[in-house]
Amino acid sequence: MTHPARLETLADLRVEIDCIDSELHQLLIKRGEIIHRLIEAKTRQGGGSAFRPGREADMMRGLVARHQGLLPLDTVESIWRIIISTFTYVQSNYSVHADISGGDAKMRDCCRFHFGFTVPYAPHPDVNSVIAAVANSRGDLGLVRVEGDAASGPWWRSLREPCAPKIIARLPFVERPDHPAGMPLFVIAQPLAEAAVRDVVLYAVECDGWRDAPPSHLGLPGAEIVGAAPDGARSSLLVAADGAVSAQQLRETLTKAGAIQLSIAEVGGHAARFEASEAQRQQTPFVAAR
């Protein structure tokens with residue numbers, strides 16, 4: 001049996017949804033107009049990188065902090081990541097080069113979650129190929145796994161020279177269990193002159209002194225070894241340290257741990273890792289409105 005009053009209520013709600021959809025579209029158009037003005041302003045002021053990893057991290061933290069309601073946080077994060085990445089692409093076209101030595105499917109999913117489908121995706125057989133592609137580009141990005149395998153070797157050595165690519169971000173910006181694109185990734189780019197983030201600073205370390213393996217803990221608050229590989233008779237490490245920790249403090253800590261013949265070079269930095277609270281992670285089953 002048909003109930004006219006109920007059908008009318010559904011129709012009214014659908015009209016309201018259509019109005020909101022139209023407003024969202026108009027706001028995206030308006031955002032594009034502002035980006036066009038931003039491009040013009042940058043041109044007048046001598047240009048500058050379109051990538052702002054610190055601003056992106058702040059935007060994602062703010063998104064998580066204010067989010068509520070039925071829409072899953074994963075969906076909201078993905079929508080905003082696509083908006084940010086696509087408008088960055090509009091400012092300055094770029095591709096994302098990805099190391100698929102650990103498998104293409106998972107890396108591709110992560111890339112599409114964080115950068116959408118407009119930004120070209122370029123798979124490479126190993127991390128060194130990714131670094132070379134970024135180094136030979138005018139503004140591309142590279143994605144490499146934080147937890148690499150032994151076959152990758154000490155890839156961070158390629159980032160030591162001042163003009164070499166650097167690590168500019170760590171993804172995902174918002175960490176939580178069961179993240180649909182939660183594989184920890186470093187983002188590599190040409191050095192950012194004015195937009196680098198130093199909440200966490202990364203160092204490539206070469207040293208002697210450990211016959212078997214480097215210590216699992218450095219004993220320096222805010223510092224950890226995130227990568228280690230043999231380099232002939234020496235050890236090659238990728239060390240992440242709090243931005244407040246100086247290279248000299250790191251050197252002293254490693255020396256106390258038994259390292260000798262130390263060589264330390266800064267190879268990048270990224271925003272502090274941000275974990276969503278349990279309340280923010282909770283999701284109510286979501287049924288799309290039609």
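Heavy-atom basis, side chains included; hydrogens, waters and symmetry copies ignored. Residues: numbered from 1 along the sequence shown.
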Requested in this report: Over all heavy atoms of both residues, which pair between A247 and I264 is shortest? Give the atoms and the distance, please.
Outcome: O-CD1, 4.2 Å

Requested in this report: Please tell me if the side chains of E224 and L218 come closer than 4.5 Å, counting only heavy atoms from C-beta onward.
Outcome: no

Query raised in the report: Between E252 and Q249, is there a donor-acceptor pair closer than 3.5 Å when you use the side chain of the first and the backbone of the second?
Result: no

Requested in this report: Taking the side chain as every heavy atom from C-beta outward, state whether R61 and V174 have any atom pair closer than 4.5 Å.
Outcome: no

Query - D21, CG: over 12 other non-hydrogen atoms inside 6.0 angstrom - result: yes

**Report entry** 4.5 Å side-chain heavy-atom contact, F113 and P172
**Finding:** no

Report task. Starting from the C-alpha separation in whole Å, work towards a yes-or-no answer on salt bridge (charged side-chain N to carboxylate O under 4.0 Å, His left out) for D109 and R112. Result -> CA-CA 5 Å; D109 286 348; R112 292 312 185 198; over 6 Å; no

Report task. State plainly whether one hydrophobic cluster holds both F87 and L38, where clusters connect Ile, Leu, Val, Met, Phe, Trp and Tyr through side-chain heavy atoms under 4.5 angstrom apart. Result -> yes

Query raised in the report: Taking S22 for the side chain and C19 for the main chain, is one N or O donor matched with an acceptor at less than 3.5 Å?
Result: no

Query raised in the report: Do the side chain of H179 and the main chain of A181 share a donor and acceptor less than 3.5 angstrom apart?
Result: yes

Query raised in the report: Is there a side chain to side chain contact (heavy atoms under 4.5 Å, CB included) between L171 and V187 once you walk through the steps?
Result: CA-CA 7 Å; L171 298 176; V187 181; 3.7 Å; yes

Report summary line: Distance col, row I225:CD1 vs L238:CG, nearest 0.5 angstrom, shows 10.0 Å

Query raised in the report: Can you find a heavy atom in the side chain of W155 that is under 4.5 Å from one in the side chain of F186?
Result: yes

Report summary line: On a heavy-atom basis, the closest approach of I188 and P165 is CG2-CB, 3.6 Å

Report task. Grab the two heavy atoms, one from A240 and one from V226, that are nearest each other, plus how far apart they are. Result -> CB-CG1, 4.0 Å

Query - Identified side chain to side chain contact (heavy atoms under 4.5 Å, CB included) partner of P184 from the options R145, E175, R170 - result: R170

Report task. Would you name the heavy atoms of L250 and V245 that are closest together and state the gap between them? Result -> N-CG1, 4.4 Å

Query raised in the report: Are R31 and L27 close enough, and set up right, to give a side chain to side chain contact (heavy atoms under 4.5 Å, CB included), and what steps lead you there?
Result: CA-CA 6 Å; R31 196 183 197 280; L27 287 171; over 6 Å; no

Report task. May I ask you to say whether R160 pairs ionically with E266, meaning some side-chain N is under 4.0 Å from a carboxylate O? Result -> no

Query raised in the report: Distance from D58 atom CG to R52 atom CZ, nearest 0.5 Å?
Result: 13.0 Å

Requested in this report: State the CE-CD1 distance between M60 and I84, to the nearest 0.5 angstrom.
Outcome: 5.5 Å

Query raised in the report: How many angstroms lie between OG1 in T86 and CZ in F117, if you round to the nearest 0.5 Å?
Result: 11.0 Å

Query raised in the report: Linking I/L/V/M/F/W/Y whenever their side-chain heavy atoms sit closer than 4.5 Å, directly or via other members, would I168 and L202 fall into one cluster?
Result: no

Requested in this report: May I ask you to test the L73-R176 pair for a side-chain heavy-atom distance under 4.5 Å?
Outcome: yes

Report task. Work out which heavy atom in V127 is nearest to a heavy atom in S152; give both atom names and the distance. Result -> CG1-CB, 4.0 Å

Requested in this report: Please step through side-chain hydrogen bond (donor to acceptor under 3.5 Å, both in side chains) for the pair H36 and E40, ending with a clear verdict.
Outcome: CA-CA 6 Å; H36 179 70; E40 292 179 335; 3.2 Å; yes

Query - Min side-chain heavy-atom separation Y121-M107 under 4.5 Å - result: yes

Query raised in the report: Under 3.5 Å, side chain of S129 to main-chain N/O of P125, donor-acceptor pair present?
Result: no

Query raised in the report: Is the backbone N or O of R81 less than 3.5 Å from a side-chain atom of S85, with the two atoms forming a donor-acceptor pair by type?
Result: yes

**Report entry** More than 12 heavy atoms of other groups within 6.0 Å of E16 CD
**Finding:** no

Query raised in the report: Hey, is the main chain of V96 close enough, under 3.5 Å, to the side chain of D140 for a donor-acceptor pair?
Result: no

Query raised in the report: V205 and W156: side chain to side chain contact (heavy atoms under 4.5 Å, CB included), yes or no, with the steps?
Result: CA-CA 9 Å; V205 177; W156 46 86; over 6 Å; no

Query - Side-chain donor or acceptor of S78 paired with backbone N/O of D74 under 3.5 Å - result: no

Report task. Identify whether L28 and I35 are in the same connected component of the hydrophobic contact network (ILVMFWY, side-chain heavy atoms under 4.5 Å). Result -> yes

**Report entry** Pairwise side-chain contact, M59 with L63, heavy-atom cut-off 4.5 Å (strictly under)
**Finding:** no

Query - Beyond-backbone contact of Y94 with F51, side-chain heavy atoms, under 4.5 angstrom - result: yes

Query raised in the report: Of the non-hydrogen atoms in C207 and L262, which two are nearest, and what is the gap between them?
Result: CB-CD2, 3.5 Å

Report task. Going by the side chain to side chain contact (heavy atoms under 4.5 Å, CB included) test, name the single residue among I100, L141, L143 that passes it with C111. Result -> L143

Report task. Supply the atom-to-atom distance H114 NE2 to F173 CZ, rounded to the nearest 0.5 angstrom. Result -> 8.5 Å

Requested in this report: Take D126 and V130 through the side chain to side chain contact (heavy atoms under 4.5 Å, CB included) test and state the conclusion after the steps.
Outcome: CA-CA 7 Å; D126 54 59; V130 169; over 6 Å; no

Requested in this report: Mark yes or no for whether K166, through its side chain, and Q190, through its backbone, hold a donor-acceptor pair below 3.5 Å.
Outcome: no

Query raised in the report: Roughly how far, to the nearest 0.5 Å, is CD1 of I167 from NE2 of H270?
Result: 7.5 Å

Report task. Report whether V146 and I131 are members of the same hydrophobic cluster (ILVMFWY, side-chain heavy atoms less than 4.5 Å apart, transitive linking). Result -> yes

**Report entry** Donor-acceptor under 3.5 Å (E147 side chain, L185 main chain)
**Finding:** no

Query raised in the report: Would a hydrophobic clustering, with Ile, Leu, Val, Met, Phe, Trp and Tyr connected at side-chain separations under 4.5 Å, put I79 with F274?
Result: yes

Query raised in the report: Within a radius of less than 6.0 Å around CZ of R108, do more than 12 heavy atoms belonging to other residues, nucleotides or ligands occur?
Result: yes

Query raised in the report: For the side chain of H67 and the backbone of L71, is there at least one donor-acceptor N/O pair under 3.5 Å apart?
Result: yes

